Amino acid sequence: MAQTAIKRQMFQSDSDYSKKMKNGVPNGNTTHHPLEQLKMIAQEQGLDLTDRGFAEYMDSIDPIRHLREDFCYPKMKDLPKTDLQLVDPEEDCVYFCGNSLGLCPKKFKEYMLVEVNKWEKTGVEGHTSGDLPWARFDEDFCEDMGKIVGAKKEEVAVMNGLTVNLHLQLISFYRPTPTRYKIMIESKAFPSDHYAVESQIEFHGYDPKTAMIEIEPRKGELLLRAEDILAKIEEEGDSIAVICLSGTQYYTGQVFDIPTITEAGHKKGCYVGWDLAHAAGNVELKLNEWGVDFACWCTYKYLNSGAGCMAGFFLHEKHKNNNFPKLKGWWGHKLDTRFKMDNKWSADTGALQYRISNAPGFLGPSIKASLEIFNKTSMKEIRAKSLLLTSYLEVLILNKYGQRNEQQENGEVKEKVKENGQNGEVKEKVKENGQNGEDWKHVHVDILSPSDPTQRGAQLSLSFSVPILHVFEELTKRGVVCDERKPNVIRVAPAPLYCSFLDVYRGANYLDQSVQSAARIS
């Protein structure tokens with residue numbers, strides 16, 4: 001098969017795949033599960049899925065592999081905790097932490113120096129001059145940011161931090177009445193979301209114990225089932241003012257069915273909003289099409305705009321001329337009369353009316369550099385690669401350690417994966433080549449993230465039968481950058497803009513070494 005044909009076949013979007021899948025069951029014949037695609041290409045090329053040559057081949061046909069060159073990718077020797085006796089100091093590290101902080105675009109430093117020089121040489125004139133005029137540069141990002149989340153330009157603002165934006169949105173959309181006063185969130189929502197919702201309820205004089213619905217997984221399970229979310233909405237929807245969930249769950253990596261949940265909430269008269277911190281730049285979103293009322297997201301994870309950078313804010317066009325309560329500021333006033341200084345409020349249209357203050361000019365360069373990279377591709381193409389990368393990581397883990405969380409999606413319970421494809425032979429090979437062939441026998445790695453690739457993003461959440469801190473320390477020594485989250489998970493996320501299949505291969509090998517080292521310690 002020619003390489004061009006392979007590219008077309010392999011790097012297809014999850015939306016294409018989703019059309020052929022219904023609750024994890026194939027309903028079409030033309031689109032394959034990403035793992036089946038990987039196996040097919042290995043067979044076509046006469047390659048072993050678990051060998052380095054397969055990873056290198058996949059990189060050679062990756063249509064967005066060149067985007068890695070647009071990022072500053074850390075070297076092993078530059079990481080502060082790497083043990084250089086265990087790795088080649090000159091090699092790239094294995095960066096699997098884009099779900100926490102994306103890598104630095106190479107253009108950022110250049111663009112930042114432009115703004116510093118502008119301040120040095122022009123002072124206050126910088127507000128209205130240059131490529132990033134400080135008085136309005138944030139507006140220039142709205143269209144490109146909208147492409148990433150499936151929104152129109154006027155539905156998007158870039159401002160504040162995620163939690164500040166969520167508070168601003170809840171002020172408008174959470175208007176409790178004696179009969180409709182509840183907010184529904186996940187029981188394991190990210191703390192900032194939990195605190196925002198809790199404080200908004202208290203601010204209006206209600207008790208979070210009765211006004212905050214925390215939807216939980218079933219007993220003994222970690223993932224929320226879609227039918228349970230929908231059942232809770234049907235059961236309590238008449239008393240729910242706002243449904244506020246995460247698009248992608250930070251701990252498990254589970255992607256929620258945004259359009260279905262949004263529709264269900266609307267049918268019960270609820271407003272529906274989403275925290276997209278782990279979804280924006282990670283999965284395909286269509287906020288306008290899905291009718292989402294409001295959403296917010298940070299830009300420093302998959303959007304690679306730097307720690308603490310300005311966040312995204314979405315307000316659906318149906319609310320663009322709303323008279324909801326809101327916190328007002330000068331920058332939410334229409335530009336054409338803003339400088340009349342007559343203190344007569346005239347709201348800007350759409351999301352921009354929620355701006356309170358002018359944007360910090362020195363945060364513009366990183367967003368500009370990041371959006372330029374996104375404009376070289378599409379979320380469809382990014383997601384297509386992500387499906388393959390994460391499935392490749394999954395199969396390399398399962399081939400050796402053969403465990404998966406028993407609870408699975410859509411009401412089904414799947415057996416733990418003991419063997420996967422050719423792994424009878426693979427296990428024997430790894431056993432022979434291991435540093436201690438017996439150490440791994442009593443170890444298992446549990447993948448908590450959904451097995452259906454359409455129900456997860458780039459991230460796999462891993463738990464271990466050996467002490468997790470030992471595994472994490474050993475990974476860190478080997479230059480694998482990931483993160484650990486309480487109570488018992490290591491999150492690994494090969495971000496497709498800059499991670500390669502070879503990174504996944506190397507990362508899996510370092511994971512194997514780390515687990516075996518942890519097994520000897522324990």
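Just so it is clear, the structure is predicted and the values come from calculations on it, not from any experiment.
- Ring-centre distance between Y271 and Y174: not below the 6.0 Å cut-off.
- Applying the salt bridge (Lys or Arg N to Asp or Glu O under 4.0 Å) test between D503 and each of R68, R52, R65 identifies R68 as the sole match.
- No donor-acceptor pair under 3.5 Å is formed between the side chain of S517 and the backbone N or O of S514.
- There is a side-chain donor-acceptor pair under 3.5 Å between S246 and E186.
- Contact record, G306 with Y300: O-CB, 3.0 Å, taken as the closest heavy-atom pair.
- With no hydrogens or angles considered, no side-chain donor-acceptor pair links D452 and H33 at under 3.5 Å.
- In this structure, K232 does not pair ionically with E216, as no charged nitrogen and carboxylate oxygen lie closer than 4.0 Å.
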Is there a salt bridge (charged side-chain N to carboxylate O under 4.0 Å, His left out) between E394 and R456 once you walk through the steps? CA-CA 12 Å; E394 178 185 38; R456 68 185 184 212; 3.1 Å; yes
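- For K268, the NZ atom sits in a packed shell: over 12 heavy atoms of surrounding residues, nucleotides or ligands are nearer than 6.0 Å.
- Residues I148 and L371 meet the side-chain proximity criterion, which asks for heavy atoms closer than 4.5 Å.
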Given salt bridge (charged side-chain N to carboxylate O under 4.0 Å, His left out), test E91 with K77 step by step and report yes or no. CA-CA 8 Å; E91 272 196 326; K77 64 183 179 182; over 6 Å; no
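- Classified by interplanar angle (parallel below 30°, tilted 30° to 60°, perpendicular above 60°), the ring pair F501/Y392 is tilted.
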Run the side chain to side chain contact (heavy atoms under 4.5 Å, CB included) check on L245 and D275 step by step: do they pass? CA-CA 6 Å; L245 301 174; D275 172 353; over 6 Å; no
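- Using modelled atom types, no side-chain atom of N288 and backbone atom of H316 make a donor-acceptor pair closer than 3.5 Å.
- The backbone N or O of E236 sits less than 3.5 Å from a side-chain atom of S239, completing a donor-acceptor pair.
- Judged by distance alone, the side chain of S199 and the main-chain N or O of Y195 form a donor-acceptor pair under 3.5 Å.
- A pairwise comparison of heavy atoms in L303 and G281 identifies CD2-CA, 3.7 Å as the closest pair.
- Proximity of V471 to V466: side-chain heavy atoms (C-beta onward) are separated by under 4.5 Å at one or more points.
- Shown here for G507 and V94, the closest heavy-atom pair between the two residues is CA-CG1, 3.9 Å.
- In this structure, D62 and K385 have side chains that are in contact, with non-hydrogen atoms separated by less than 4.5 Å.
- Residues forming a salt bridge (charged side-chain N to carboxylate O under 4.0 Å, His left out) with K219 (at least two apart in sequence, or on another chain): none.
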How far apart are the C-alpha atoms of K486 and E484, what are their side-chain angles, what is the distance that settles it, and do they pass the salt bridge (charged side-chain N to carboxylate O under 4.0 Å, His left out) test? CA-CA 7 Å; K486 304 297 182 186; E484 178 259 342; 3.4 Å; yes
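- No hydrogens or angles considered: a donor-acceptor pair under 3.5 Å links the side chains of S461 and Q459.
- Here the options are D92, I64, L103, the test is side-chain contact (heavy atoms from CB on, under 4.5 Å), and the partner is Y498; only L103 passes.
- Using a distance-only test at 3.5 Å, with no hydrogens or angles considered, a donor-acceptor pair links the side chain of Y73 to the main chain of Y95.
- Across all their heavy atoms, A151 and V156 have their closest contact at CB-CG2, 3.7 Å.
- The OH atom of Y57 sits 16.0 Å away from atom CG of L502, with the distance rounded to the nearest 0.5 Å.
- In this structure, L462 and I447 approach most closely via the heavy-atom pair CD2-CG1, 3.8 Å.
- Side-chain contact between F464 and N488 is absent, with no heavy-atom pair separated by less than 4.5 Å.
- With hydrogens and angles ignored, the 3.5 Å screen pairs no side-chain donor or acceptor of D51 with any backbone N or O of F54.
- A distance of 5.5 Å separates CG in L460 from CD1 in I397, rounded to the nearest 0.5 Å.
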Walk me through whether D293 and H266 qualify under side-chain hydrogen bond (donor to acceptor under 3.5 Å, both in side chains). CA-CA 9 Å; D293 293 300; H266 287 164; 2.7 Å; yes
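- Residues E474 and I521 have side chains in contact (heavy-atom distance under 4.5 Å, counting atoms from C-beta outward).
- Of the N and O atoms on the side chains of H278 and Q249, not one donor lies less than 3.5 Å from an acceptor on the other residue.
- V242 has its side chain out of reach of I240: every pair of non-hydrogen atoms, C-beta onward, lies at least 4.5 Å apart.
- Using a cut-off of 4.0 Å between Lys/Arg side-chain N and Asp/Glu carboxylate O, E263 and K267 are scored as salt-bridged.
- For the pair P217 and L223, the minimum side-chain heavy-atom distance is 4.5 Å or more.
- Taken to the nearest 0.5 Å, the NZ atom of K188 stands 10.0 Å off from the NE2 atom of H194.
- Put simply, the side chain of R478 never gets that close to the backbone of D83: no donor and acceptor are under 3.5 Å apart.
- Aromatic ring centres of F314 and F294: separated by at least 6.0 Å.
- Between the OG atom in S391 and the NZ atom in K39 there is a gap of 11.0 Å [rounded to 0.5 Å].
- Here the straight-line distance linking atom OG of S500 with atom CG of L389 works out to 7.5 Å at 0.5 Å rounding.
- Side chains of Y401 and D512: a donor-acceptor N/O pair is present below 3.5 angstrom, by distance only.
- In this structure, D193 contributes its side chain and A189 its backbone to no donor-acceptor pair below 3.5 Å.
- Of the possible donor and acceptor atoms, none in the side chain of T260 sits under 3.5 Å from a partner among the backbone N and O of D257.
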Walk me through it: do D70 and K376 pass the test salt bridge (charged side-chain N to carboxylate O under 4.0 Å, His left out)? CA-CA 11 Å; D70 290 332; K376 295 179 180 181; 3.0 Å; yes
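- Taken to the nearest 0.5 Å, the CG atom of L511 stands 7.5 Å off from the CD1 atom of I490.
- Relative orientation of the W274 and F256 rings is tilted, given thresholds of 30° and 60° on the angle between their planes.
- The two residues L388 and P34 come nearest to each other via the heavy atoms CD2-O, 3.9 Å.
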V255/T454 under side chain to side chain contact (heavy atoms under 4.5 Å, CB included): CA gap, chis, key distance, verdict: CA-CA 8 Å; V255 173; T454 67; over 6 Å; no
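- When side chains are defined from C-beta on, V489 counts as touching R491, because their heavy atoms get closer than 4.5 Å.
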Begin with the C-alpha distance, continue with both residues' side-chain angles, and end with the deciding distance and a verdict on side chain to side chain contact (heavy atoms under 4.5 Å, CB included) for I258 and I261. CA-CA 5 Å; I258 296 177; I261 293 170; over 6 Å; no
Trace of the side chain to side chain contact (heavy atoms under 4.5 Å, CB included) decision for I213 with I183: CA-CA 6 Å; I213 300 173; I183 300 179; over 6 Å; no
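- Checked by atom type and distance alone, the side chain of T252 pairs as donor or acceptor with a backbone atom of Q254 at under 3.5 Å.
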